[in-house]
Chemist: 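Take this structure first; my questions come after.
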Amino acid sequence: MTLTRDDVIDLLTAAASVDLRKLGEADITGWSAILRPDLDRDLAFEALRVHYATSPERVMPAHINTRAVEIRRDRADREERVAREARQVRNDARHGLHHADGGLALNADGPPVPGAYQVNDAFDRRCPKCDAEPLEPCTNLANGQPRRIPCPPRLRAMGEAEKNMPGRV
């Protein structure tokens with residue numbers, strides 16, 4: 001998905017064929033660091049083509065990044081609903097998410113994500129759903145595994161009455 005060093009060299013060589021720039025190692029390193037990490041070769045070259053077809057300016061990495069986003073947005077706007085949903089399912093699968101019974105099933109099991117447990121100070125109190133103790137991660141009741149994120153009831157901010165109840169932290 002991301003551009004390789006050879007892809008960046010090819011992209012810069014194509015740009016140099018239009019604007020006659022001289023290329024060096026620093027150009028390759030700089031462009032590699034600045035180009036979007038989600039660019040693929042075809043999209044980068046399409047962005048280069050669109051840039052030089054519509055602008056007399058010498059292309060820079062920001063031009064490629066901006067044009068790539070515009071191209072993606074344009075493609076998404078033109079995409080049929082069924083094709084868009086199929087693409088979303090493929091992207092979800094690639095990121096470890098899977099669809100079950102028509103809904104999106106997130107794999108919430110795994111090492112706790114500290115930031116998730118900081119929401120509304122959830123880590124500082126007992127979980128009303130899975131009974132996880134304060135400072136302990138929630139547990140998936142179906143398989144006993146620790147959860148990356150707290151159970152939804154634990155995330156809710158406590159009201160004043162709950163804060164004053166005995167046994168609450």
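None of the values given here were measured: they were computed from a predicted structure.
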Chemist: Are any of the side-chain heavy atoms of L23 and I28 separated by less than 4.5 Å?
Modeler: no
Chemist: Can you find a pair of side-chain heavy atoms, one from T29 and one from E25, that are under 4.5 Å apart?
Modeler: yes
Chemist: Distance check, rounded to the nearest 0.5 Å: Y52 atom OH versus R58 atom CZ?
Modeler: 7.0 Å
Chemist: Apply the test salt bridge (Lys or Arg N to Asp or Glu O under 4.0 Å) to residues R75 and E79: give CA-CA distance (whole Å), side-chain angles for both, the deciding distance (0.1 Å), then the verdict.
Modeler: CA-CA 6 Å; R75 289 176 182 169; E79 191 173 30; over 6 Å; no
Chemist: For a side chain to side chain contact (heavy atoms under 4.5 Å, CB included) check, start with the C-alpha distance between V69 and R36, then their side-chain angles and the critical distance, and finish with the verdict.
Modeler: CA-CA 10 Å; V69 169; R36 294 175 59 96; 3.4 Å; yes
Chemist: What is the minimum heavy-atom distance between I64 and V59, and which atoms define it?
Modeler: CD1-CG2, 3.7 Å
Chemist: Can you list every salt bridge (Lys or Arg N to Asp or Glu O under 4.0 Å) pair that touches residues 112-122, not counting sequence neighbours?
Modeler: none
Chemist: Under a 4.0 Å threshold between the charged nitrogen and the carboxylate oxygen, would E46 count as salt-bridged to R49?
Modeler: yes
Chemist: To the closest 0.5 Å, what do you measure between CG (L11) and CG (L35)?
Modeler: 6.5 Å
Chemist: Indicate whether any N or O donor in one side chain lies under 3.5 Å from an N or O acceptor in the other, for D10 and T13.
Modeler: no
Chemist: Looking at every non-hydrogen atom in both residues, tell me the closest pair between R154 and A132 and how far apart they are.
Modeler: NH1-CB, 3.6 Å
Chemist: Taking all non-hydrogen atoms of both residues into account, name the closest pair between R148 and D109 and its distance.
Modeler: CZ-O, 3.2 Å
Chemist: Going from CG on L155 to SG on C138, what distance comes out if it is rounded to the nearest 0.5 angstrom?
Modeler: 7.5 Å
Chemist: A side-chain contact here means heavy atoms from C-beta on lying under 4.5 Å apart; do I149 and V119 qualify?
Modeler: no
Chemist: Looking just at side-chain N and O atoms, do T54 and R67 make a donor-acceptor pair shorter than 3.5 Å?
Modeler: yes
Chemist: Has T2 got a side-chain atom pairing as donor or acceptor with P37's backbone, closer than 3.5 angstrom?
Modeler: yes
Chemist: Check whether any side-chain heavy atom of D131 sits under 4.5 Å from a side-chain heavy atom of R126, and report yes or no.
Modeler: yes
Chemist: What closest approach, in Å, do R21 and W31 show between heavy atoms, and which atom pair accounts for it?
Modeler: NH1-CZ2, 3.5 Å
Chemist: Who passes side-chain contact (heavy atoms from CB on, under 4.5 Å) against L135, sequence neighbours left out?
Modeler: F123, D124
Chemist: Do N65 and M60 touch side chain to side chain, with heavy atoms closer than 4.5 Å?
Modeler: no
Chemist: With side chains defined as the heavy atoms from C-beta onward, is the minimum distance between E57 and H51 less than 4.5 Å?
Modeler: yes
Chemist: Looking at every heavy atom in both R72 and D38, which two are closest together, and how far apart are they?
Modeler: NH2-O, 2.6 Å
Chemist: Please walk me through it: do D77 and R73 pass salt bridge (Lys or Arg N to Asp or Glu O under 4.0 Å)?
Modeler: CA-CA 6 Å; D77 288 346; R73 189 174 298 125; over 6 Å; no
Chemist: Look up atom CD1 in I71 and atom OG1 in T66, then write down how far apart they are to the nearest 0.5 Å.
Modeler: 11.0 Å
Chemist: Quick one: CG on L48 to CG on L12, what's the gap to the nearest 0.5 Å?
Modeler: 9.0 Å
Chemist: Rounded to the nearest 0.5 Å, what separation is found between the CG atom of L3 and the CZ atom of F45?
Modeler: 8.5 Å
Chemist: Kindly give the heavy-atom pair with the smallest separation between N140 and R147, and that separation in Å.
Modeler: N-CG, 3.5 Å
Chemist: Quick one: do R84 and E80 make a salt bridge, cutoff under 4.0 Å?
Modeler: no
